[in-house]
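To keep things clear, I will list the structure first and then write my remarks on it.
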2 protein chains.
Amino acid sequence: MRDVQQNRLDEWKAQGFDPTACPVRQVLDHVAAKWTMLILLELANGPARFNALGRALPDISKRMLTQTLRDLERDGLVTREVFPTKPPSVEYTLSPMGQSLLSAMDGLFDWANDNFDHIKQARDVYAQG
Amino acid sequence: MRDVQQNRLDEWKAQGFDPTACPVRQVLDHVAAKWTMLILLELANGPARFNALGRALPDISKRMLTQTLRDLERDGLVTREVFPTKPPSVEYTLSPMGQSLLSAMDGLFDWANDNFDHIKQARDVYAQG
DNA sequence: GTTGCTAGTCTCATTTAGAGACCTTATGTC
DNA sequence: GACATAAGGTCTCTAAATGAGACTAGCAAC
């Protein structure tokens with residue numbers, strides 16, 4: 001008997017392995033994008049401007065910050081608003097869909113906290129053997 | 001009032017932004033690894049051998065299949081067993097920790113299926129504007 | 001007039017990923 | 001006996017993604 005995830009992968013296979021046809025894969029690409037989740041987590045704190053995000057995540061380059069924010073905006077997870085101040089400022093806000101994605105990630109965040117030590121142990125063992 | 005995720009990011013910040021000190025980030029790197037989850041999903045179906053995995057995921061290169069399996073083995077999410085057949089065969093199996101990671105991802109898989117259409121719509125709108 | 005802030009863009013170097021040839025040992029086919 | 005095929009990879013070369021950091025414009029404060 002197959003479980004739920006397997007069925008999803010099978011569905012995707014049935015569609016000819018087109019990565020753009022697999023929702024899980026598309027969303028994983030997002031989650032995968034290295035900076036996506038960290039930006040969303042930061043925005044969960046409230047709207048923030050470009051440089052504020054850069055300061056909050058000091059090891060992201062401006063290049064990737066711009067690119068990731070564009071991707072998030074394109075997919076409707078974040079909204080971008082320009083204010084006509086001098087100089088103009090830009091504010092990024094989590095959309096309802098962005099918030100729901102963050103909620104959906106909660107199980108994974110919990111797992112990460114619960115199992116990180118196990119992973120580190122496994123790495124030590126592997127390094128020995 | 002801050003929510004749960006924000007506290008986690010703040011904790012990580014308090015530790016000096018060392019990526020290796022942030023469980024969420026470490027696990028995200030795994031989820032991020034593009035092939036990790038697809039391999040785990042395939043193994044959820046039961047143990048599989050190297051070339052069987054390659055056939056199940058036809059768009060992965062041998063190079064990345066090897067590398068991803070090594071990472072999963074190192075972190076204790078998958079076990080590798082060599083059988084002394086001729087030629088020797090190698091079987092990969094989901095560990096209990098790997099299974100629990102997959103369970104933790106369930107919320108995200110559901111979200112992906114529920115929201116993929118919204119994302120596609122958002123992309124269309126963005127492409128117009 | 002010099003510096004700093006805004007939100008980026010642009011170029012170049014490094015890192016990572018992908019494609020595919022190649023390896024060893026053994027089996028079945030002709 | 002020669003030839004193709006299978007196993008589970010490794011190796012090299014190329015292509016794509018990423019990171020570091022210089023540079024931009026317009027305006028305010030010193």
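Every chain is numbered from 1, with letters handed out A, B, ... down the list of sequences.
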Check: Nearest 0.5 Å, what's the NZ-CD1 distance between A:K34 and A:I39?
Finding: 12.0 Å

Which atoms of nucleotides 28-30 of chain D (N or O only) lie under 3.5 Å from a protein N or O atom, and what are those distances?
none

Next item on the list: Could you check how far OH of B:Y92 sits from P of D:dA7, rounded to whole Å?
Entry: 13 Å

Margin query: Whole angstroms only, please: what is the CG-P distance between A:L38 and D:dT18?
Written below: 14 Å

Next item on the list: Please tell me if the side chains of B:L40 and B:W35 come closer than 4.5 Å, counting only heavy atoms from C-beta onward.
Entry: no

Item checked: Residues B:E42, B:L57; criterion side chain to side chain contact (heavy atoms under 4.5 Å, CB included); working and verdict -> CA-CA 8 Å; B:E42 192 58 37; B:L57 270 18; 4.3 Å; yes

Checklist line | Shortest non-hydrogen separation from A:M37 to B:L28 and the atoms involved | finding: CB-CD1, 3.4 Å

Check: Taking all non-hydrogen atoms of both residues, which atom of A:W111 and which atom of B:L77 are closest, and how far apart?
Finding: CH2-CD2, 4.0 Å

Please table the atom pairs, donor to acceptor, closer than 3.5 Å between any side-chain atom in residues 62-70 of chain A and protein atoms at least two apart or in another chain.
unit_1, atom_1, unit_2, atom_2, d
A:T66, OG1, A:K62, O, 2.9
A:T68, OG1, A:M64, O, 2.7
A:R70, NH1, A:Y92, OH, 3.4

Checklist line | Pair A:R123 + B:D75, salt bridge at N-O below 4.0 Å | finding: yes

Check: Can you tell if the side chain of A:F109 reaches within under 4.5 Å of the side chain of A:L41, non-hydrogen atoms only?
Finding: yes

Find every protein N or O atom lying less than 3.5 Å from an N or O atom of nucleotides 11-17 of chain C, and list the pairs.
unit_1, atom_1, unit_2, atom_2, d
C:dA17, N7, B:R63, NH2, 3.4

Next item on the list: Give one of base, sugar-phosphate or nothing for B:S89, where a contact means two heavy atoms less than 4.0 Å apart.
Entry: sugar-phosphate

Check: Just how far, in rounded Å, is C1' of C:dT6 from CG of A:L53?
Finding: 14 Å

Item checked: Residue pair B:E91 / B:F83: nearest heavy atoms and the distance that separates them -> CB-CE1, 3.6 Å

Check: Got a second to check how far B:D29's CG is from B:D71's CG, nearest 0.5 Å?
Finding: 10.5 Å

Check: Taking atom OG1 of A:T93 and atom CD of A:E73, what is their separation to the nearest 0.5 Å?
Finding: 11.0 Å

Next item on the list: Determine, step by step, whether A:N115 and B:M97 satisfy the side chain to side chain contact (heavy atoms under 4.5 Å, CB included) criterion, reporting the C-alpha distance in whole Å, the side-chain angles of both residues, the deciding distance to 0.1 Å, and the verdict.
Entry: CA-CA 8 Å; A:N115 289 276; B:M97 186 156 64; 3.9 Å; yes

All N/O contacts under 3.5 Å from nucleotides 23-25 of chain D to the protein, with atom names and distances to one decimal?
none

Note to self: Without decimals, in angstroms, what is the distance between A:L65 CG and D:dA20 C1'?
What the structure shows: 15 Å

Pairwise N/O distances under 3.5 Å, protein to nucleotides 2-4 of chain C:
none

Margin query: Could you tell me how far apart B:D59 (CG) and D:dA16 (P) are, to the nearest whole angstrom?
Written below: 16 Å

Checklist line | Heavy-atom pair of closest approach, residues A:L94 and A:V78 | finding: CD1-CG2, 4.4 Å

Check: Nearest heavy-atom pair of A:G76 and A:S95: which atoms, and what distance?
Finding: O-OG, 2.7 Å

Check: Given side chains that start at C-beta, do those of B:M105 and A:L108 come closer than 4.5 Å, heavy atoms only?
Finding: yes

Note to self: To the closest 0.5 Å, what do you measure between CZ (B:R80) and CG (B:L72)?
What the structure shows: 13.0 Å

Check: Would you say a side-chain N or O of A:R49 is under 4.0 Å from OP1 or OP2 of C:dC5?
Finding: no

Next item on the list: Output the residues of residues 72-83 of chain A in contact with DNA chain C, where contact means a heavy atom of the residue under 4.0 Å from an atom of the strand; sort by number or write none.
Entry: A:R80

Note to self: Using whole Å, what does the distance between atom P of nucleotide C:dT25 and atom CG of B:N51 come to?
What the structure shows: 18 Å

